[in-house]
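Contents: one structure, followed by commentary.
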Number of protein chains: 2
Amino acid sequence: MSELAKRYDLQAELARRQVRLTRQRRLLVDVIQGATRHLDAETLWKQAQARDPSINLATVYRTLGLLKKLGLVDELDLMHLEGEKHFYEVSREHRHLHLACFRCGSIVEYQTEAFEGLQKQVEAACGFSIQIGRLEFGGLCQECRRA
Amino acid sequence: MSELAKRYDLQAELARRQVRLTRQRRLLVDVIQGATRHLDAETLWKQAQARDPSINLATVYRTLGLLKKLGLVDELDLMHLEGEKHFYEVSREHRHLHLACFRCGSIVEYQTEAFEGLQKQVEAACGFSIQIGRLEFGGLCQECRRA
DNA sequence: ATTAATGCAAAGGATTTGCAATACC
DNA sequence: GGTATTGCAAATCCTTTGCATTAAT
């Protein structure tokens, strides 16, 4: 995650929606909120286990499912750079896209008005009301291009 | 697939690149080229089996892998509307995006200059050279909005 | 006392792989 | 004859689920 701009405050959002969580789920929310890069389920699990070794991977998946359903976290594929696992990030107010480098695996984020503009155009042209959008590019980052 | 506009001619592309295929792979290429909607591996397999019952699912995956590597077919997630399976389509000259309806499962395609414009903007801003791009929106189609 | 959340282990689905048999040039 | 492809079954990876136990209100 290159910029943390305008990520939801999960605790605040959950409070606002009057969602009550158990101790383990609060811990997971805390780890997700504090993440400095895109986490897969297993990495999240391991980070949570450092604070509570009894946490189970199934609980991680169930909590992620809940947060997805609430629209508080987004699930990413990141161009399937590492198998078919998913990655998770805290939702934001504005859309951003992901660039994945096929060579070094780095992930770059980029936020632009143009993405939201494109969405509006699509909604108007296709008659869809869009709830989720995912834009991912795969290629070579600046450094790997040279090599 | 709503429009077949400017899909690659797989046979022609393979010939141009001097790629020789076995009989089974040629059959699979033929089914992929003739598809009128987005196929998952198993559906492709069943359609191919109608013409050659001895075709194996592993061969389907291996052929898809080859065509992906050659940039002749693109792999789609289609918002994971039906589990985690992938869908495949013949690559095109111009980028297009996919809209998936969460209610009825319909898939709509939309091609716009704006998508390619956005890609150029991203390449310039982030220093990436982009090879693959995938833009998917999920929401409600016109009909399902009313219901 | 209900209702919901957890751990565990097993099941699940999609895809990939090892290897012996077969097809292709 | 040598290289690439195939079939088959097993393995793999990620994720979900059933169910008995435990926690939360």
Side-chain angles (χ1 to χ4, degrees), chain A residues 10 14-15 17-32 38-70 72-89 105, chain B residues 14-15 17-32 38-70 73-89 105:
Chain A
L10 295 180
L14 289 163
R17 299 169 196 213
Q18 306 190 28
V19 179
R20 300 207 129 284
L21 298 183
T22 58
R23 186 183 49 76
Q24 290 197 331
R25 291 189 176 186
R26 270 182 267 123
L27 168 51
L28 286 166
V29 163
D30 204 47
V31 175
I32 293 167
H38 299 98
L39 299 177
D40 58 34
E42 199 182 349
T43 305
L44 170 55
W45 178 44
K46 288 194 179 133
Q47 295 195 4
Q49 277 190 318
R51 292 211 247 156
D52 177 352
S54 78
I55 273 194
N56 192 279
L57 184 53
T59 299
V60 172
Y61 277 109
R62 289 190 267 235
T63 305
L64 285 170
L66 174 65
L67 296 172
K68 270 192 287 178
K69 207 173 57 183
L70 291 170
L72 297 179
V73 309
D74 291 325
E75 189 176 68
L76 309 172
D77 294 308
L78 299 184
M79 295 311 287
H80 305 298
L81 236 54
E82 297 177 40
E84 295 303 315
K85 71 174 77 161
H86 292 137
F87 297 87
Y88 301 89
E89 65 178 12
Chain B
L14 289 163
R17 298 168 197 216
Q18 305 190 28
V19 179
R20 300 210 128 283
L21 297 184
T22 58
R23 186 184 49 77
Q24 289 198 332
R25 292 191 175 183
R26 271 182 267 124
L27 168 51
L28 287 166
V29 163
D30 204 47
V31 175
I32 294 168
H38 299 98
L39 300 177
D40 58 33
E42 199 183 349
T43 306
L44 169 54
W45 178 44
K46 287 192 181 134
Q47 294 194 5
Q49 277 189 319
R51 293 211 248 156
D52 176 352
S54 77
I55 271 194
N56 191 278
L57 184 53
T59 299
V60 171
Y61 277 109
R62 287 191 269 235
T63 304
L64 285 170
L66 174 65
L67 296 172
K68 270 193 286 179
K69 205 173 58 183
L70 292 170
V73 309
D74 291 325
E75 189 176 68
L76 309 173
D77 294 307
L78 299 184
M79 296 312 285
H80 305 298
L81 235 54
E82 298 177 41
E84 294 304 313
K85 70 174 76 158
H86 293 136
F87 296 87
Y88 301 89
E89 66 177 12

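Source: prediction; values computed, not measured. Chain letters run A, B, ... following the sequence lines, proteins first, then strands; residues in each count from 1.
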Flag, side chain of [X] to backbone of [Y], donor-acceptor distance under 3.5 Å:
{"X": "Thr43(B)", "Y": "Leu39(B)", "value": "no"}
{"X": "Arg62(B)", "Y": "Leu57(B)", "value": "no"}
{"X": "Arg25(B)", "Y": "Leu66(B)", "value": "no"}
{"X": "Asp77(B)", "Y": "Met79(B)", "value": "no"}

Take the protein atom [atom1] of [X] and the nucleotide atom [atom2] of [N], then report the distance between them rounded to whole Å.
{"X": "His80(A)", "N": "dC13(D)", "atom1": "NE2", "atom2": "P", "result": "17 Å"}
{"X": "Glu82(A)", "N": "dC13(D)", "atom1": "CD", "atom2": "C1'", "result": "13 Å"}
{"X": "Asn56(B)", "N": "dT5(D)", "atom1": "CG", "atom2": "C1'", "result": "12 Å"}
{"X": "Arg62(B)", "N": "dC8(D)", "atom1": "CZ", "atom2": "P", "result": "12 Å"}
{"X": "Ile55(B)", "N": "dT5(D)", "atom1": "CD1", "atom2": "P", "result": "15 Å"}
{"X": "Leu39(A)", "N": "dC14(D)", "atom1": "CG", "atom2": "C1'", "result": "16 Å"}

Hey, what do you get for OH (Tyr88(B)) to CG (Asp74(B)), rounding to the nearest 0.5 Å?
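Here the interatomic distance stands at 11.0 Å.
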Interatomic distance, Gln47(B) atom CD to Ile55(B) atom CD1 [nearest 0.5 angstrom]:
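Interatomic distance, Gln47(B) CD to Ile55(B) CD1, rounded to 0.5 Å: 11.5 Å.
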Crowding at CZ, Arg20(B) (>12 non-hydrogen neighbours, <6.0 Å)
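Not buried by this count: 12 neighbours or fewer within 6.0 Å.
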Compare the minimum distances between each of dT6(D), dG7(D), dC19(D) and the side chain of Thr22(B), then state the nucleotide with the smallest one.
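That would be dT6(D).
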[N] OP1/OP2 closer than 4.0 Å to side-chain N/O of [X]:
{"X": "Tyr61(A)", "N": "dT16(D)", "result": "no"}
{"X": "His86(A)", "N": "dT15(D)", "result": "yes"}
{"X": "Ser54(B)", "N": "dT6(D)", "result": "no"}

Between Glu84(B) and Ala58(B), name the one whose nearest nucleotide on DNA chain C is closer to the 5' end.
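Here Glu84(B) is the residue nearer the 5' end.
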Quick one: on DNA chain C, does Leu21(B) or Leu66(A) contact a more 5' nucleotide (nearest heavy atom)?
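With Leu21(B) and Leu66(A) compared, the 5'-side residue is Leu66(A).
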Sorted by first residue and then second, give each salt bridge (Lys or Arg N to Asp or Glu O under 4.0 Å) pair with at least one member in residues 48-61 of chain A; sequence neighbours left out.
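As it turns out, the salt bridge (Lys or Arg N to Asp or Glu O under 4.0 Å) pairs with a partner in residues 48-61 of chain A, which skip direct neighbours, are Arg23(A)-Asp52(A), Asp30(A)-Arg51(A).
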Let's see if you get this right: which residues in residues 23-30 of chain A place a heavy atom under 4.0 Å from DNA chain C?
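Nucleic-acid contacts, sorted: Gln24(A), Arg25(A).
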Between His86(B) and His80(B), does the ring centre distance come in under 6.0 Å?
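That pair fails the under 6.0 Å test.
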Could you list where the contact with chain B starts and ends along DNA chain C, reading 5' to 3', using a 4.0 Å heavy-atom cut-off?
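Footprint of chain B along DNA chain C, 5' to 3': dA14(C) to dG18(C).
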